[in-house]
Protein chains: 2
Amino acid sequence: MAVPLYQAKAEFFRTLGHPARIRVLELLSERDHAVHELLDGIDIEPSNLSQQLAVLRRAGLVEQRREGGQVLYSVSVPEVRDLLLSARVIIRGVLADRVELRDELATAAAAGRSR
Amino acid sequence: MAVPLYQAKAEFFRTLGHPARIRVLELLSERDHAVHELLDGIDIEPSNLSQQLAVLRRAGLVEQRREGGQVLYSVSVPEVRDLLLSARVIIRGVLADRVELRDELATAAAAGRSR
DNA sequence: CGCGCACTTACGCAATTCTTCAAGTCGTAC
DNA sequence: GTACGACTTGAAGAATTGCGTAAGTGCGCG
């Protein structure tokens with residue numbers, strides 16, 4: 001395909017690039033949730049959540065269905081769960097590196113002062 | 001840790017949410033590249049590339065080192081390669097779904113017209 | 001030293017994304 | 001039918017991000 005695939009990738013990652021949307025995907029990868037349930041676990045306004053859900057829907061990552069008086073959401077691409085997990089690993093690595101660096105700097109600074 | 005991990009995740013994904021940055025990571029996961037080499041493969045202005053590299057550096061995903069008259073970059077977190085691969089899988093899935101949906105709609109529309 | 005190459009930083013403007021408020025839809029229950 | 005709860009949509013302003021031009025840094029070489 002001559003179409004820029006890395007463009008699609010960037011778009012995909014951008015849709016993951018929001019705390020509320022990450023939170024939604026994490027909750028939904030445990031089990032399906034109604035909107036008001038999501039709302040209990042994510043501290044934002046209903047309308048805002050709805051907008052973020054719309055973003056995820058447009059990206060094709062979640063699906064909605066009506067059931068009784070409420071709307072249920074589910075992840076439509078199961079691999080997302082794996083992705084979130086590997087992201088967690090990477091982030092731990094990066095954060096750990098940063099802590100080490102910070103500690104080194106702190107130690108060096110202390111050594112400098114004491115000398 | 002009481003610190004919102006999903007916040008860090010969102011930030012992480014946002015740094016991946018740019019075509020040039022994706023491109024850089026893909027090129028760097030093949031082998032280390034000098035900036036001017038990256039420039040050959042990425043059609044943007046030097047200063048722009050530099051900015052994107054700075055973003056990746058701040059996120060701790062790449063490292064730079066000077067060698068001769070040029071600056072070499074390398075990925076500092078090897079797992080990124082895996083992440084890009086699983087992203088590709090997911091995207092293929094999502095895009096395929098969309099094509100199906102589009103086809104269905106087209107078929108339905110055609111059926112509607114012919115009736 | 002001084003020039004040029006390879007790259008980076010500053011800065012201002014355009015474009016995108018986020019957030020909130022207000023209004024609207026859809027089903028259910030009274 | 002109308003009132004209410006559960007959501008969604010629209011629109012507008014604030015906040016971020018992206019990009020180009022221009023200016024700067026650092027090195028190696030004649």
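Atom set for the values below is all heavy atoms of this structure, side chains included, hydrogens, waters and symmetry mates excluded. Chain A is the first sequence line, chain B the second, and so forth, proteins listed ahead of strands; every chain is numbered from 1.
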Looking at residues at least two apart in the chain, or sitting in another chain, which of them share a side-chain contact (heavy atoms from CB on, under 4.5 Å) with [X]?
X	result
B:Ser50	none
B:Ala20	B:His18, B:Ile42, B:Ile44, B:Gln52
B:Val75	B:Leu25, B:Leu28

Could you tell me, to 10°, how much the axis swings from one end of the helix from C:dC1-D:dG30 to C:dC30-D:dG1 to the other, five pairs per end?
10°
Can you tell me how far the [atom1] atom of [X] sits from the [atom2] atom of [Y], to the nearest 0.5 Å?
X	Y	atom1	atom2	answer
A:Leu27	A:Leu39	CG	CG	11.0 Å
B:Leu72	B:His33	CG	NE2	10.5 Å
B:Leu56	B:Gln51	CG	CD	12.0 Å
A:Tyr73	A:Gln64	OH	CD	4.0 Å

Please give, in whole Å, the distance from [N] [atom2] to [X] [atom1]?
X	N	atom1	atom2	value
A:Asp43	C:dC18	CG	P	17 Å
B:Ile44	C:dT8	CD1	P	12 Å
A:Gln7	C:dT16	CD	P	12 Å
A:Glu11	C:dT16	CD	C1'	13 Å

Are any non-hydrogen side-chain atoms of A:Leu61 and A:Leu16 less than 4.5 angstrom apart?
yes
Compare all side-chain heavy atoms of B:Ile91 with those of A:Phe13 and state whether any distance is below 4.5 angstrom.
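Answer no - side chains too far apart.
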Do B:Ser86 side-chain atoms and A:Leu83 backbone N/O form a donor-acceptor pair below 3.5 Å?
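Side chain of B:Ser86 to backbone of A:Leu83: no pair is present.
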For DNA chain C, which residues of residues 56-65 of chain B approach it to below 4.0 angstrom with any heavy atom?
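B:Arg57, B:Gln64 - these, ordered by number, are the residues of the stretch whose heavy atoms sit under 4.0 Å from the strand.
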Let's see if you get this right: which residues in residues 32-40 of chain B place a heavy atom under 4.0 Å from DNA chain C?
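Within this stretch, B:Ala34, B:Val35, B:His36 sit under 4.0 Å of the strand.
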Tell me the side-chain hydrogen bond (donor to acceptor under 3.5 Å, both in side chains) pairs involving residues 35-46 of chain A, sequence neighbours left out?
none
Any residue meeting salt bridge (Lys or Arg N to Asp or Glu O under 4.0 Å) with B:Arg65, in chain and number order, not counting sequence neighbours
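For B:Arg65, the residues satisfying salt bridge (Lys or Arg N to Asp or Glu O under 4.0 Å) (neighbours in sequence not counted) are B:Asp32, B:Glu67.
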Sequence neighbours excluded - salt bridge (charged side-chain N to carboxylate O under 4.0 Å, His left out) pairs with any residue from residues 74-84 of chain A
none
Using the salt bridge (charged side-chain N to carboxylate O under 4.0 Å, His left out) rule, collect all pairs that involve residues 6-15 of chain B, keeping only residues at least two apart or in two chains.
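Only A:Glu26-B:Lys9 qualify under salt bridge (charged side-chain N to carboxylate O under 4.0 Å, His left out).
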With B for base contact, S for sugar-phosphate-only contact and - for none (protein heavy atoms under 4.0 Å), nucleotides 22-30 of chain C reads B----S---
Collect all protein-nucleotide pairs involving nucleotides 16-19 of chain D in which both atoms are nitrogen or oxygen and the distance is under 3.5 Å.
residue	atom	partner	partner atom	Å
D:dT17	OP1	B:Arg14	NH1	2.8
D:dC19	OP2	B:His18	NE2	2.9

Which atoms form the tightest heavy-atom contact between B:Leu53 and B:Val62, and what is the distance?
O-CG2, 4.3 Å
Is the phosphate of C:dA6, meaning OP1 or OP2, less than 4.0 Å from a side-chain N or O of B:Tyr73?
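The answer is no; no side-chain N or O of B:Tyr73 sits under 4.0 Å from OP1 or OP2.
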